[in-house]
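Chain letters run A, B, ... following the sequence lines, proteins first, then strands; residues in each count from 1. Atom set for the values below is all heavy atoms of this structure, side chains included, hydrogens, waters and symmetry mates excluded.
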2 protein chains.
Amino acid sequence: MNNHANDAPPTLRDVAAAAGVSLATADRVVNGRPGVSAKTARKVHEAVQRLAFRPLAAAAELARSRSWRFAVVLPGGGNRFMMDIADNVRAQADWLRARRIGVEIVETDVFDADRLAAELAALPGRFDAVALVALDHPRIRAAIDDLVEAGMAVVTLVSDAPSSRRQHYVGIDNIAAGRTAGSLVGRFLGPPRGNERGAVGIVTGAGSLRDHAERRFGFGQVLAEEYPQLIRLTPVEGRDDPDRNRELVRRMLADTPNLVAIYNTGEGSVGIGEALAEAGLARRILCVGHELTPATRRMLLDGTFAALVAQDPGHEARSMVRVLHALVAGQEIVAAQEHIRVQVILRDNLP
Amino acid sequence: MNNHANDAPPTLRDVAAAAGVSLATADRVVNGRPGVSAKTARKVHEAVQRLAFRPLAAAAELARSRSWRFAVVLPGGGNRFMMDIADNVRAQADWLRARRIGVEIVETDVFDADRLAAELAALPGRFDAVALVALDHPRIRAAIDDLVEAGMAVVTLVSDAPSSRRQHYVGIDNIAAGRTAGSLVGRFLGPPRGNERGAVGIVTGAGSLRDHAERRFGFGQVLAEEYPQLIRLTPVEGRDDPDRNRELVRRMLADTPNLVAIYNTGEGSVGIGEALAEAGLARRILCVGHELTPATRRMLLDGTFAALVAQDPGHEARSMVRVLHALVAGQEIVAAQEHIRVQVILRDNLP
DNA sequence: TGCGATTTGAGGTGCGCAACTCAAAAATTG
DNA sequence: CAATTTTTGAGTTGCGCACCTCAAATCGCA
């Protein structure tokens with residue numbers, strides 16, 4: 001199926017010759033510079049098509065000789081998953097250096113809209129592009145739009161702000177993630193036994209982050225549609241904090257004798273495991289949570305958690321950098337490569 | 001935590017200056033050319049460390065001005081998953097051209113060891129590197145070792161030949177994949193009801209491909225350890241052919257009144273779905289299979305299959321090319337990026 | 001026809017590195 | 001010590017492209 005077996009890839013010089021124009025003109029057309037008549041431009045474009053010309057990536061990059069500065073705005077406060085992302089960005093240091101890309105990680109309180117907005121407003125001029133964990137808040141949306149207005153490339157990370165003008169979102173479909181968790185809970189519990197209706201507890205981080213809200217929504221959807229025999233308890237907010245989660249689950253266990261499962265939409269699952277262990281109910285109440293951390297890995301192995309719904313922080317860190325680079329350098333984004341999967345992790349397919 | 005805020009990355013020229021040697025000497029050391037005293041080499045290495053020097057990828061690639069030819073040896077015969085891999089390789093055409101990499105896809109009968117070995121023996125000279133779906137056979141192992149001996153980079157794809165000297169394997173851990181399928185079947189079936197012991201049918205492709213054998217092994221392991229109440233039927237071989245599989249499952253249904261689940265280690269799941277539909281047993285017998293194709297996607301959506309264990313052919317195609325390129329160009333392989341995940345796909349997290 | 005505006009060609013420079021040559025300097029040897 | 005070998009420096013070339021200048025050619029229009 002190969003057309004031109006002729007090995008050496010064509011250069012811009014070849015294109016110019018094939019089009020019957022000078023190198024300068026071919027260059028003007030290919031790089032969209034002005035001062036070329038429509039007719040000549042067409043000749044060049046045809047030659048590009050015919051020869052399947054692609055500028056050699058290395059030569060183009062070298063000649064352009066630009067360097068880039070990216071900012072990555074992450075929530076501070078020891079969130080394990082966010083630390084994983086930061087570590088994975090740092091792990092790319094060599095790769096980034098070799099491409100003249102400088103990345104600065106900015107830690108901030110993403111729950112404080114004013115603070116985050118101020119942080120964002122300080123970025124233009126100092127950076128060419130930003131990735132941020134977005135808070136779904138009008139002020140943040142406006143701040144993002146201002147960044148785009150200022151000519152920066154902006155991508156959201158992990159939690160999206162779809163109504164803003166951000167160019168790209170690096171993260172999972174959180175409704176699908178919630179639905180997946182719902183299906184796992186429903187199927188793992190199995191068909192109802194007799195007339196007893198089991199109750200399912202929902203532990204969540206905070207109402208203001210879009211990702212958690214979407215997960216709750218997807219989870220509720222599946223349970224309502226497919227497993228109507230299950231009673232969904234009102235979600236309790238533990239702000240991703242293990243200690244708060246422990247306390248909340250203690251109370252949940254005390255109040256709900258028919259509790260059969262717990263779903264945690266966010267971090268701090270270890271608190272849930274502790275509360276269950278105290279009550280001697282580990283492995284007797286089905287638990288499904290999110291994200292693979294040392295703590296959740298342990299609880300998956302010991303059976304406290306039956307499954308995790310996860311996204312790969314390494315993939316996200318690499319994808320984010322690639323996307324930012326493609327955006328600022330005007331390159332194409334390989335959609336399939338940048339699609340972040342909703343992973344189901346059982347004890348048996350732990351990475 | 002940044003050390004040298006000084007923005008512009010150091011060049012080899014800077015390294016030479018810092019080490020107090022000439023550019024030529026610095027170049028000799030960095031590129032491992034002979035004729036440099038140990039003492040001088042040390043000085044240069046120290047300067048490289050101190051300045052955190054990395055050759056600019058674009059400049060190095062441009063200067064080397066080499067082109068590469070890769071061969072990808074895939075099984076012919078319309079296997080959907082393999083076609084997906086081929087398509088994903090072709091989809092990288094532009095990316096590959098821009099890096100002077102030519103890829104040729106070679107279709108062959110990987111089940112025929114002699115034919116495959118002959119095909120492999122013809123590669124040296126014409127190609128710099130090979131990726132192949134390996135048959136676990138002494139003759140193939142020898143053929144792979146010959147390729148490596150001839151100086152080619154060799155990676156196995158999808159099915160490994162660990163005892164050969166191939167430099168890398170691009171694919172999933174098939175034992176883990178089988179275990180995952182086993183856990184899904186066990187958990188989805190739920191606790192035993194009364195004294196009835198359900199039977200689990202196993203449909204497999206062929207004994208000679210290592211990937212299928214490993215999946216059967218992992219599946220059997222989990223069922224034996226965790227779900228002893230389930231009876232495992234003797235695996236039946238359908239050679240990944242839907243028609244054969246349909247016939248085999250027809251017979252299985254006739255012979256096994258207590259059949260509760262079917263696991264297919266390979267392709268051709270659609271035949272299983274058809275046999276179940278004929279018998280009016282779709283959605284009543286739990287099915288778990290492998291790989292996401294149009295057919296399995298449909299059966300996942302209509303509930304015939306409860307889950308799929310999958311690997312991402314796009315990821316594998318891209319990873320394979322990256323790894324081959326890194327191997328021939330002497331670059332580093334980013335292990336985390338190249339790790340292929342064992343994915344669990346439910347109706348809710350379909351990509 | 002002649003004028004100015006537009007289009008095109010020719011050529012140069014630099015990006016950072018790999019790879020090479022040749023001569024000079026230093027170290028090693030008999 | 002001289003003769004040799006080893007090490008080092010200085011310099012060149014080319015990779016393919018982006019980006020620039022300047023002059024020549026062509027065009028449209030009055």
Side-chain angles (χ1 to χ4, degrees), chain A residues 7-45 47-48 51-68 94 96-101 328-331, chain B residues 7-45 47-48 51-68 94 96-101 328-331:
Chain A
D7 220 345
T11 69
L12 189 56
R13 184 169 253 100
D14 299 326
V15 171
V21 302
S22 72
L23 219 167
T25 299
D27 171 70
R28 287 185 184 107
V29 174
V30 167
N31 290 296
R33 272 183 275 277
V36 180
S37 70
K39 204 177 65 179
T40 312
R42 196 161 37 73
K43 282 198 298 183
V44 174
H45 280 131
V48 166
L51 303 185
F53 168 78
R54 300 238 90 202
L56 187 65
E61 196 180 324
L62 180 60
R64 254 186 269 269
S65 159
R66 284 213 48 175
S67 61
W68 308 105
D94 281 358
L96 292 165
R97 280 189 82 80
R99 280 156 191 80
R100 290 200 192 93
I101 302 173
V328 294
Q331 292 172 4
Chain B
D7 219 345
T11 69
L12 189 57
R13 183 168 255 101
D14 299 327
V15 171
V21 303
S22 73
L23 219 168
T25 300
D27 171 70
R28 288 183 183 108
V29 174
V30 168
N31 290 296
R33 271 183 276 277
V36 180
S37 69
K39 203 175 66 178
T40 312
R42 196 160 37 72
K43 281 198 298 183
V44 174
H45 281 133
V48 166
L51 302 185
F53 168 77
R54 304 236 87 203
L56 187 65
E61 196 181 323
L62 180 59
R64 254 186 270 270
S65 154
R66 285 212 48 177
S67 62
W68 308 105
D94 282 356
L96 292 164
R97 280 191 82 79
R99 279 155 193 79
R100 290 201 193 92
I101 301 174
V328 294
Q331 293 172 3

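Atom CZ of Arg13(A) and atom C1' of dG14(D) are 12 Å apart (whole Å). In this structure, Asp27(A) atom CG and dG11(C) atom P are separated by 16 Å, rounded to whole Å. The distance from atom CD of Glu61(B) to atom P of dG16(C) is 16 Å, rounded to the nearest whole Å. Nucleotide dC17(D) holds its P atom 17 Å from the CG atom of Leu56(B), rounded to whole Å. When rounded to the nearest whole Å, the span between NZ of Lys43(B) and C1' of dT8(D) equals 10 Å. To the nearest angstrom, C1' of dG16(D) lies 10 Å from CG of Leu23(A). For Leu12(A) and dG11(C), the CG to C1' distance is 15 Å, given to the nearest whole Å. Atom-to-atom, CZ of Arg28(A) to P of dA10(C) comes out at 11 Å; the value is rounded to the nearest Å.
Using a 4.0 Å heavy-atom distance criterion, Val30(B) is classed as making no nucleic acid contact. Across all strands shown, Leu62(A) has heavy atoms under 4.0 Å from base atoms, whether or not it also approaches the sugar-phosphate. If you check every strand for non-hydrogen atoms under 4.0 Å, Gly20(B) touches sugar and phosphate atoms only. Within 4.0 Å (heavy atoms only), Arg100(B) reaches sugar-phosphate atoms of the nucleic acid but no base atom. Residue contacts for Asn31(A): at a heavy-atom cut-off of 4.0 Å it reaches the sugar-phosphate backbone alone, with no base atom in range.
Across the interface with DNA chain C, nearest-nucleotide mapping of Ala58(B) and Arg33(B) shows Ala58(B) to be the residue nearer the 5′ end. In terms of position along DNA chain D, the nucleotide closest to Ala24(B) lies nearer the 5' end than the nucleotide closest to the other residue of the pair Ala24(A) and Ala24(B).
Remark: Ser65(B) pairs with no residue by the side-chain hydrogen bond (donor to acceptor under 3.5 Å, both in side chains) rule, at least two apart or across chains.
Set against dG16(D), dG16(C), dA10(C), the side chain of Ala59(A) has dG16(D) as its closest nucleotide. Side chain of Thr40(A), nearest nucleotide from dC17(D), dT8(C), dG9(D): dT8(C). Taking only side-chain atoms of Ser37(B), from C-beta outward, the nucleotide of dA18(C), dT7(D), dG9(D) with the closest atom is dT7(D).
Within the 4.0 Å cut-off from OP1 or OP2 of dC15(C), not a single side-chain nitrogen or oxygen of Ser65(A) is found. In this structure, Thr25(A) reaches the dG9(C) phosphate: one of its side-chain N or O atoms is under 4.0 Å from OP1 or OP2.
Annotation for Leu51(B) and Pro10(B): closest pair O-CG, 3.3 Å, computed over non-hydrogen atoms. Minimum interatomic distance between Leu56(A) and Ala98(B) (heavy atoms only, all atoms of both residues): CD1-O, 3.1 Å.
The distance from atom CZ of Arg28(B) to atom OG1 of Thr25(B), rounded to the nearest 0.5 Å, is 5.0 Å. One finds the OG atom of Ser67(B) at 11.5 Å from the CZ atom of Arg97(B) (value rounded to the nearest 0.5 Å). Leu96(A) CG to Arg54(B) CZ: the interatomic distance, rounded to the nearest 0.5 Å, is 11.0 Å.
Judged by atom type and distance alone, Arg64(A) does not reach the base of dG14(C) through any side-chain donor-acceptor pair under 3.5 Å.
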